[in-house]
Amino acid sequence: MEKKKRAGGFRLQVNGWGFVIPSIVLFLWLTLWPMIHAFIMSLQKGKGMVTEFAGLENYIRLFGDPVFISSTKNTILYFVIQVPIMLVLALVISSMLNNPKLRFRGFFRTAIFVPCVTSLVAYSLLFKSMFAVDGVVNKALAALHLIQEPIPWLLDTFWAKVVIIMAITWRWTGYNMIFYLSSLQNIDEGIYEAARIDGANAWQNFRYITIPLLKPVILLTAIMSTTGTLQLFDEVVNITSGGPGGSTTTISQYIYNLSFKYAPDFGYAATVSYAIFIMVAVLSLIQMKVSGDKND
């Protein structure tokens, strides 16, 4: 009997490893090795495929690179302004759409979620057309007598950033809303009922019940949004092309320019890529620390 049990346990282990090993191999091949190779490349300098070992020279170069500093400032600005606005909007909208008394809830949920499944290029070009000098936005504002002259949305450094932030918020708010909405539906309605009996109003329910119970999901969406914003590329390239004067250029666009637009400098591009990796890791750790339990 013991031999049979051992044989059966051994077969289970073999079968288990049979399912796990392909995933491990794919991870090592498609994820870990490219990361290691990129780090090795970041220690080299040269144009195109003609490179030589440079040590930490590329990393030192980052601190004196005005384009990298400017693109980093732009990216952090998007992160600081857009991510909180998007997450708060998603949280408020999901709370409203979770109301069982609201009519046409399915329609509103679908309408708000649809932007995040649209093509990145398609919606970026749509925003570029809408916010052109002769676009529909300026025409609508003029018709409402809110402006006297067209606003140069994509030609002004301030307004170009505003358009980028509005575009990202429009696309990704519904994505985060789905996470919050699914979590809200798992909260026992009895908790809210008990709070209402104790005299709690809607705001108190939202502040003291909804937000604390959604804390793990809020942390998850914050980390995902941080990662996505620090890697922002498509919207900037298609709406403003990084202009005017590089005022909207992001780090990811700078990496693309270093690799394919300028004389190819793959070593330095890999260095800038690792700068994004470090920023994402640091900000994620800070978010986890700030939102962690006080008893941890």
Side-chain angles (χ1 to χ4, degrees), residues 23-49 51-84 86-87 120 164-165 168 171-172 175-176 179 216 218-237 242 246 248-292:
S23 299
I24 295 176
V25 171
L26 289 175
F27 170 78
L28 294 175
W29 179 32
L30 300 177
T31 302
L32 186 60
W33 167 242
M35 292 176 62
I36 295 173
H37 184 68
F39 178 73
I40 296 172
M41 187 180 296
S42 71
L43 302 176
Q44 300 174 354
K45 67 177 183 179
K47 300 298 181 181
M49 302 306 295
T51 60
E52 60 181 359
F53 182 74
L56 298 177
E57 185 176 326
N58 286 333
Y59 289 92
I60 297 173
R61 175 183 170 186
L62 285 175
F63 298 98
D65 185 351
V67 180
F68 172 75
I69 294 173
S70 174
S71 61
T72 300
K73 289 180 179 178
N74 293 336
T75 305
I76 293 176
L77 178 67
Y78 297 142
F79 162 71
V80 171
I81 296 178
Q82 188 270 332
V83 171
M86 177 181 62
L87 295 183
L120 281 167
I164 296 296
I165 291 172
I168 306 169
R171 177 177 172 83
W172 295 110
Y175 179 80
N176 293 287
F179 284 92
I218 293 174
L219 175 61
L220 172 65
T221 55
I223 293 175
M224 291 193 304
S225 299
T226 298
T227 304
T229 303
L230 293 181
Q231 298 180 46
L232 183 63
F233 177 79
D234 299 85
E235 289 84 352
V236 175
V237 170
T248 59
T249 301
T250 60
I251 304 176
S252 293
Q253 185 183 7
Y254 185 41
I255 294 172
Y256 173 84
N257 292 340
L258 286 169
S259 301
F260 304 109
K261 190 173 181 179
Y262 309 148
D265 192 345
F266 298 118
Y268 188 55
T271 304
V272 179
S273 299
Y274 260 87
I276 295 182
F277 171 77
I278 293 171
M279 283 189 285
V280 169
V282 171
L283 289 173
S284 298
L285 288 173
I286 292 173
Q287 290 172 337
M288 294 176 67
K289 187 67 177 178
V290 169
S291 62

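Starting from 1, each residue takes its place in the sequence as its number.
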Those residues that, when tested against [X], pass side-chain hydrogen bond (donor to acceptor under 3.5 Å, both in side chains) (two or more places apart):
| X | answer |
| --- | --- |
| Gln231 | none |
| Thr229 | none |
| Gln253 | none |

Any side-chain to backbone donor/acceptor pair from [X] onto [Y]? Under 3.5 Å, distance only.
| X | Y | result |
| --- | --- | --- |
| Thr248 | Gly242 | yes |
| Asn58 | Gln44 | yes |
| Asn74 | Thr249 | yes |
| Ser71 | Tyr254 | no |

Which residues share a ring pair (Phe, Tyr, Trp, His ring centres under 6.0 Å) with [X], sequence neighbours left out:
| X | answer |
| --- | --- |
| Phe179 | Tyr175 |
| Phe233 | Tyr256 |
| Phe63 | none |

Point-to-point distance, once rounded to the nearest 0.5 Å, from CD1 of Ile255 to CZ of Phe260
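Between Ile255 CD1 and Phe260 CZ, I get 11.0 Å after rounding to 0.5 Å.
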When rounded to the nearest 0.5 Å, the distance separating CD1 of Ile81 from CD1 of Ile165 is 4.5 Å
I'd like to check Tyr59 versus Leu43 (side-chain heavy atoms, cut-off strictly below 4.5 Å). Are they in contact?
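Answer yes - side chains close enough.
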Answer yes or no: is there a side-chain heavy-atom contact under 4.5 Å between Ile223 and Met288?
yes
Results of side-chain contact (heavy atoms from CB on, under 4.5 Å) for [X] - residues two or more places apart only:
| X | value |
| --- | --- |
| Leu30 | Leu26 |
| Leu32 | Phe27, Leu28, Ile36 |
| Leu285 | none |

What side chain to side chain donor-acceptor pair (under 3.5 Å) pairs are there with at least one residue in residues 218-227, not counting sequence neighbours?
Tyr180-Thr221, Thr226-Gln287
Do the side chains of Asp234 and Arg171 get close enough for a salt bridge, i.e. N-O under 4.0 angstrom?
no
Of all heavy-atom pairs between Ile164 and Glu235, which one has the smallest distance, and what is that distance?
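Shortest heavy-atom contact: CD1-O, 4.0 Å.
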Are there over 12 heavy-atom neighbours, none belonging to Phe53, within less than 6.0 Å of that residue's CZ?
yes
Hey, can you pull the donor-acceptor pairs under 3.5 Å for the side chains in residues 267-282, sequence neighbours left out?
residue : atom : partner : partner atom : Å
Tyr268  : OH   : Asp65   : OD2          : 2.6
Thr271  : OG1  : Ser42   : O            : 3.1
Thr271  : OG1  : Gly267  : O            : 3.0
Ser273  : OG   : Ala269  : O            : 3.0
Tyr274  : OH   : Met35   : O            : 2.6

